*Asks:* 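Below is the structure I would like to discuss, written out as structure tokens.
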Number of protein chains: 2
Amino acid sequence: MDNSLALTRIKETITRNGELFDSLAQLYKIFADSSRVKILVALTQSEMCVSEISEFLSITQSAVSHQLRILKSSNLVKTRRDGKNIVYSLTDNHVRTIIDCGMEHVTE
Amino acid sequence: MDNSLALTRIKETITRNGELFDSLAQLYKIFADSSRVKILVALTQSEMCVSEISEFLSITQSAVSHQLRILKSSNLVKTRRDGKNIVYSLTDNHVRTIIDCGMEHVTE
DNA sequence: TGAACATATGAACAATTGCTCATATTTGAG
DNA sequence: CTCAAATATGAGCAATTGTTCATATGTTCA
């Protein structure tokens with residue numbers, strides 16, 4: 001073939017950095033759910049506690065808690081206790097960037 | 001509450017643009033698989049046919065075909081026939097941008 | 001301390017997903 | 001036209017996922 005050289009180079013890159021692409025897929029998996037995306041979008045506007053989030057999403061407080069657990073264990077959000085409430089907020093601006101990036105494609 | 005006004009505004013935004021965020025999640029769902037990410041990354045380097053892709057991924061030709069079908073129906077890749085082969089390539093640069101964006105977070 | 005509120009957690013279940021296997025379909029060579 | 005190579009497709013299956021329900025944990029206030 002003509003481009004067999006280029007292909008083996010690409011193959012090398014993919015197999016060598018396999019774990020990196022696995023992490024990448026893992027990251028996108030977090031954004032791949034409607035509820036989680038909405039939670040993250042909301043948090044780009046303001047920090048919020050669980051009951052506030054479950055108020056405007058049409059899902060149970062329990063469901064919100066489960067999703068927040070995923071977001072927290074992925075280090076995308078952090079928590080702070082405020083009396084009886086636990087306030088969630090974004091850990092950094094990466095989330096904002098990723099959402100904006102995807103938005104550009106969706107709103108083409 | 002202090003910020004109830006801000007909250008209702010956020011709630012409005014989320015519920016009003018609900019379908020938009022659904023599409024966003026749908027988009028990320030495509031990137032949320034290791035095989036698909038690797039295929040897309042490979043295609044950022046060069047156009048390739050099915051057999052070439054299934055060569056460096058450790059999955060069946062059938063599996064690759066199934067994934068490419070998803071990528072094509074999502075308009076992320078396009079096809080071109082070259083003899084017996086069908087050559088796949090990215091439809092535009094959005095894919096590149098999205099991958100780069102996620103990479104930045106993964107390789108922090 | 002006890003009642004009420006806010007959040008977390010575990011079990012269970014339906015739905016989705018990505019793969020393999022077997023089998024079409026399409027194309028080029030002879 | 002026939003055969004082999006390349007790709008597509010459908011059925012079936014195991015694994016994962018997102019939700020709900022019930023319940024546990026933790027905090028405030030009286």
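Quick note on labels: first sequence line is chain A, next is B, and so on, each numbered from 1. These numbers were taken from a predicted model, which means no experiment stands behind them.
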*Asks:* In whole angstrom, give the distance that lies between atom CD1 of Ile53(A) and atom C1' of dT19(D).
*Replies:* 17 Å
*Asks:* Specify whether Tyr28(B) and Phe31(A) have parallel, tilted or perpendicular ring planes, treating 30° as the upper limit for parallel and 60° as the lower limit for perpendicular.
*Replies:* tilted
*Asks:* dT16(D) P sits how many Å from Ile30(A) CD1, rounded?
*Replies:* 17 Å
*Asks:* Mapping Thr60(A) and Lys84(B) to their closest nucleotides on DNA chain D, which lands nearer the 5' end?
*Replies:* Lys84(B)
*Asks:* Would you find a donor on one side and an acceptor on the other, under 3.5 Å apart, between the side chain of Arg16(A) and the backbone of Lys11(A)?
*Replies:* no
*Asks:* Does a nitrogen or oxygen in the side chain of Arg81(B) sit under 4.0 Å from OP1 or OP2 of dT26(C)?
*Replies:* no
*Asks:* Which part of the nucleic acid, if any, lies within contact of Gln67(B), taking any heavy atom under 4.0 Å across all strands shown: a base, the sugar-phosphate backbone alone, or nothing?
*Replies:* sugar-phosphate
*Asks:* Nearest to the side chain of His66(B) - dT7(D), dT9(C), dA11(D)?
*Replies:* dA11(D)
*Asks:* Would you mind reading off the distance between Leu57(B) atom CG and dT20(C) atom P, rounded to a whole angstrom?
*Replies:* 11 Å
*Asks:* Starting from the 5' end of DNA chain D, give me the residue, Ser65(B) or Asp33(A), whose nearest nucleotide shows up first.
*Replies:* Ser65(B)
*Asks:* Indicate whether OP1 or OP2 belonging to dT7(C) is found under 4.0 Å from a side-chain N or O atom of Asn85(A).
*Replies:* yes
*Asks:* Would the base of dT9(C) count as contacting Ser62(A) through its side chain, where contact means a donor and an acceptor less than 3.5 Å apart?
*Replies:* yes
*Asks:* Hydrogens and angles aside, do Thr91(A) and Asn75(A) bring a side-chain donor and acceptor to less than 3.5 Å of each other?
*Replies:* no
*Asks:* Mind calculating the distance between CD1 (Ile70(B)) and P (dT7(D)) to the nearest angstrom?
*Replies:* 18 Å
*Asks:* Can you tell me the distance, in whole Å, between the CD1 atom of Ile39(A) and the P atom of dG18(D)?
*Replies:* 11 Å
*Asks:* Same cluster for Leu7(A) and Ile59(B) if Ile/Leu/Val/Met/Phe/Trp/Tyr side chains link at under 4.5 Å?
*Replies:* yes
*Asks:* Donor-acceptor pair under 3.5 Å: do we get one between Gln61(B)'s side chain and the base of dA6(D)?
*Replies:* no
*Asks:* Could you go step by step and tell me if Asp22(A) and Lys38(B) meet the salt bridge (Lys or Arg N to Asp or Glu O under 4.0 Å) rule?
*Replies:* CA-CA 9 Å; Asp22(A) 289 351; Lys38(B) 286 171 189 167; 3.4 Å; yes
*Asks:* Would you say dA6(D) has OP1 or OP2 under 4.0 Å from some side-chain N or O of Tyr88(B)?
*Replies:* no
*Asks:* Just to confirm, is there a sub-4.0 Å distance from OP1 or OP2 of dT7(D) to any side-chain nitrogen or oxygen of Ser51(B)?
*Replies:* yes
*Asks:* Checking contacts here: which listed nucleotide (dT19(D), dT17(D), dT7(C)) is nearest the side-chain heavy atoms of Ala63(A)?
*Replies:* dT19(D)
*Asks:* Is the phosphate of dT9(C), meaning OP1 or OP2, less than 4.0 Å from a side-chain N or O of Arg69(A)?
*Replies:* yes
*Asks:* Return the value, rounded to whole Å, for the distance between atom CD1 of Ile86(B) and atom C1' of dT25(C).
*Replies:* 10 Å
*Asks:* What's the closest nucleotide to the side chain of Val50(B) if the choices are dG26(D), dA8(D), dT7(C)?
*Replies:* dA8(D)
*Asks:* Can you tell me if Arg80(A) has over 12 outside heavy atoms packed within less than 6.0 Å of its CZ?
*Replies:* yes
*Asks:* Can you tell me the distance, in whole Å, between the CD1 atom of Ile59(A) and the P atom of dG18(D)?
*Replies:* 11 Å
*Asks:* May I have the distance from Phe31(A) (atom CZ) to dG18(D) (atom P), rounded to whole angstrom?
*Replies:* 14 Å
